[in-house]
Amino acid sequence: MTSAIEKLPTGFGRLWTAQTVSSLGDGVSHAALPLLALTLTRDPMALAVVTATGTLPWLLFGVLGGALVDRWDRRRTMWITDTIRALLLAIPAAAAALDVLSIPLLAAVAFLLGLGGLFFDTAATAYLPDLLDRDPALLERANSRLRGAQTAASGFAGPPAGSALLALGRAVPLVADAVSFALSALLVRSLPTVPPPVPQARESLLRQARAGASYVFRDRLLLGLALRPAVGNIAFLAVETVLALFAHDRLGIGSFGFGLLLTAEATGGLLGAAIASFLGRRLGTGTALTCTAAVEGLAILGLAAAPNPYIAGLALAVCGAGMGATMVLGPSLRQAIVPAHLMGRVASTSRMLAMCAAPFGAFLGGWLATTYDVRTPLYAAASLLLAMTAVTSTMTTNRRVEAALRAAAPADVPVRPIGSQV
């Protein structure tokens with residue numbers, strides 16, 4: 001028999017291509033912006049400002065942005081956002097060519113690109129379930145492909161391409177990123193239109209934003225899905241903050257070896273995204289999410305105790321696999337069970353929680369390493385992940401997942417669990 005998850009519509013191919021091209025451009029700019037800033041200053045605080053401003057829009061406008069996306073046409077929001085981001089990058093590109101580039105300009109561009117990312121990502125998350133008729137298995141297959149392409153483009157190809165393009169000229173990587181956004185906008189504009197969300201009673205934007213956040217916090221399953229990346233970001237940022245120092249001091253490896261460690265993690269992420277459907281099918285989505293959380297915690301524990309770079313690379317690959325599978329299973333389930341008119345707000349609330357948690361993790365990692373030693377943040381992160389596993393395991397059980405899918409399915413459509421085949 002043919003698997004229903006094979007039958008992705010033609011429109012998804014264009015969305016996948018658009019997001020892959022855009023992710024490649026993101027990888028280029030993520031490598032190029034810090035390096036560009038480094039050509040202007042050696043002040044660590046100034047460099048940190050350029051990096052941090054890209055995350056500020058999620059902290060400041062995350063839930064409000066979701067409320068706006070729930071009012072707007074999602075396809076139009078995506079292509080207009082990418083068009084604006086393409087035009088925006090022309091400003092620093094021209095400034096670099098004219099040798100008038102500055103840290104304040106880079107910080108402003110990073111902030112506005114982050115704001116555009118907020119609207120694009122939220123709109124794409126809300127658009128996908130409408131494109132796929134909210135079919136749980138189709139959503140899982142689609143998210144697996146999207147996650148794999150994003151990891152390959154922004155994690156593998158983009159950063160080295162950004163560094164190489166920067167060697168050709170300071171404006172070159174910015175122009176390349178602008179082209180990627182323009183191509184993405186053209187592809188998204190060609191996507192099929194989907195029915196807009198059913199209009200709700202006219203309320204203020206703030207009230208609608210609050211309703212979306214309340215929907216997440218009142219539903220134990222959605223709250224469990226939101227806590228995973230939020231607590232995970234605290235743990236992973238604590239590790240990331242000291243990972244380069246850990247690799248140098250404890251594992252005795254230099255810059256090239258450190259790059260290989262990151263490559264191992266990204267490779268694991270690709271594998272995890274690829275096997276997510278298998279895990280959901282064999283274990284049930286709820287149990288699979290609990291297992292991937294436990295795997296992440298145990299892998300970080302293994303990294304902390306690693307006696308050599310090979311074991312450390314294996315631990316990071318296993319952790320990356322757990323994260324990759326989680327990032328397919330969790331969003332797919334959320335998209336299948338959340339009503340269309342709330343999808344933007346629920347997605348942005350969950351993302352905002354994760355983004356707000358990240359700075360705490362970075363601070364925690366730095367403080368623990370300074371107060372104790374460089375392994376301590378890793379042990380703390382592993383303990384936090386395992387504690388989170390115990391808490392969320394009762395919130396994302398298979399029984400809760402199946403009940404939510406039944407509640408979300410139309411009365412005349414049989415429920416087909418995520419990962420199932422027909």
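Computed from a predicted structure; not experimentally measured.
The structure places CD1 of I91 at 11.5 Å from CG of L174, a figure rounded to the nearest 0.5 Å. Remark: T290 OG1 to M388 CE distance equals 9.5 Å, nearest 0.5 Å. A distance of 7.5 Å separates CZ in R400 from CG in L221, rounded to the nearest 0.5 Å. Note that CH2 of W72 is 6.0 Å distant from OG1 of T77, once rounded to the nearest 0.5 Å. Atoms CG and OG, from L301 and S383 in turn, are 7.5 Å apart once rounded to the nearest 0.5 Å. With rounding to the nearest 0.5 Å, the separation of CD in Q208 from CG in D70 is 7.5 Å.
Scanning both residues, G280 and L329, for their nearest heavy atoms gives CA-CD2, 4.4 Å. The minimum heavy-atom distance linking I300 with C319 is given by the pair CD1-SG, 3.8 Å. In terms of heavy atoms, L105 sits closest to P92 at CD2-CA, 4.3 Å. When all heavy atoms of P9 and L132 are compared, the pair lying nearest together is CD-CD2, 3.4 Å. Minimum interatomic distance between Y127 and P192 (heavy atoms only, all atoms of both residues): OH-O, 2.6 Å. The two residues S332 and N143 make their nearest non-hydrogen contact at OG-ND2, 2.9 Å.
Residues L146 and L128 are in side-chain contact: their nearest non-hydrogen atoms beyond the backbone lie under 4.5 Å apart. Taking the side chain as every heavy atom from C-beta outward, C291 and T287 approach each other to under 4.5 Å. The side-chain heavy atoms of L205 and R71, taken from C-beta on, include a pair separated by under 4.5 Å. Contact check for W58 versus R351: side-chain heavy atoms found under the 4.5 Å cut-off. Side-chain contact check for L243 versus F236: every heavy-atom pair is 4.5 Å or farther apart. The shortest side-chain heavy-atom distance between R85 and F120 falls under the 4.5 Å cut-off. The shortest distance between side-chain heavy atoms of V175 and L89 does not fall below 4.5 Å. Residues L223 and M395 meet the side-chain proximity criterion, which asks for heavy atoms closer than 4.5 Å.
A side-chain donor-acceptor contact under 3.5 Å links S277 and E140. No side-chain donor-acceptor contact under 3.5 Å links T122 and S348. When only modelled atom types and interatomic distance are considered, T392 and R228 share no side-chain donor-acceptor pair under 3.5 Å. In this model, no donor atom of one side chain and acceptor atom of the other lie less than 3.5 Å apart for T389 and E296.
For the pair R189 and W79, the cation sits on the ring face: its NZ or CZ lies under 6.0 Å from the ring centre, inside 45° of the axis.
Panel note: side chain N233, backbone A354; a donor-acceptor pair is recorded below 3.5 Å. Put simply, the side chain of N398 gets close to the backbone of L283: a donor and an acceptor are under 3.5 Å apart. For D133 (side chain) and D135 (main-chain N/O), no donor-acceptor pair under 3.5 Å exists by modelled atom type. Panel note: side chain Q335, backbone T125; a donor-acceptor pair is recorded below 3.5 Å.
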Would L333 and L405 satisfy side chain to side chain contact (heavy atoms under 4.5 Å, CB included), going step by step from the backbone distance to the final call?
CA-CA 8 Å; L333 177 57; L405 289 171; 4.3 Å; yes
Give the C-alpha distance, both sets of side-chain angles, the deciding distance and a yes or no for side chain to side chain contact (heavy atoms under 4.5 Å, CB included) between V328 and S144.
CA-CA 5 Å; V328 171; S144 177; 4.1 Å; yes
Between M78 and F119, is the side chain to side chain contact (heavy atoms under 4.5 Å, CB included) condition met? List the steps.
CA-CA 7 Å; M78 286 189 285; F119 285 112; over 6 Å; no
Where do T326 and T292 land on the side-chain hydrogen bond (donor to acceptor under 3.5 Å, both in side chains) test, with the steps shown first?
CA-CA 6 Å; T326 298; T292 57; 2.9 Å; yes
For T83 and I80, run side chain to side chain contact (heavy atoms under 4.5 Å, CB included): C-alpha distance rounded to whole Å, both residues' side-chain angles, the deciding distance at 0.1 Å, then the answer.
CA-CA 5 Å; T83 300; I80 290 177; 5.6 Å; no
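The pair R170-D99 counts as a salt bridge, with a side-chain nitrogen and a carboxylate oxygen less than 4.0 angstrom apart.
Environment of CZ in R210: crowded, with over 12 heavy atoms of neighbouring residues, nucleotides or ligands closer than 6.0 Å.
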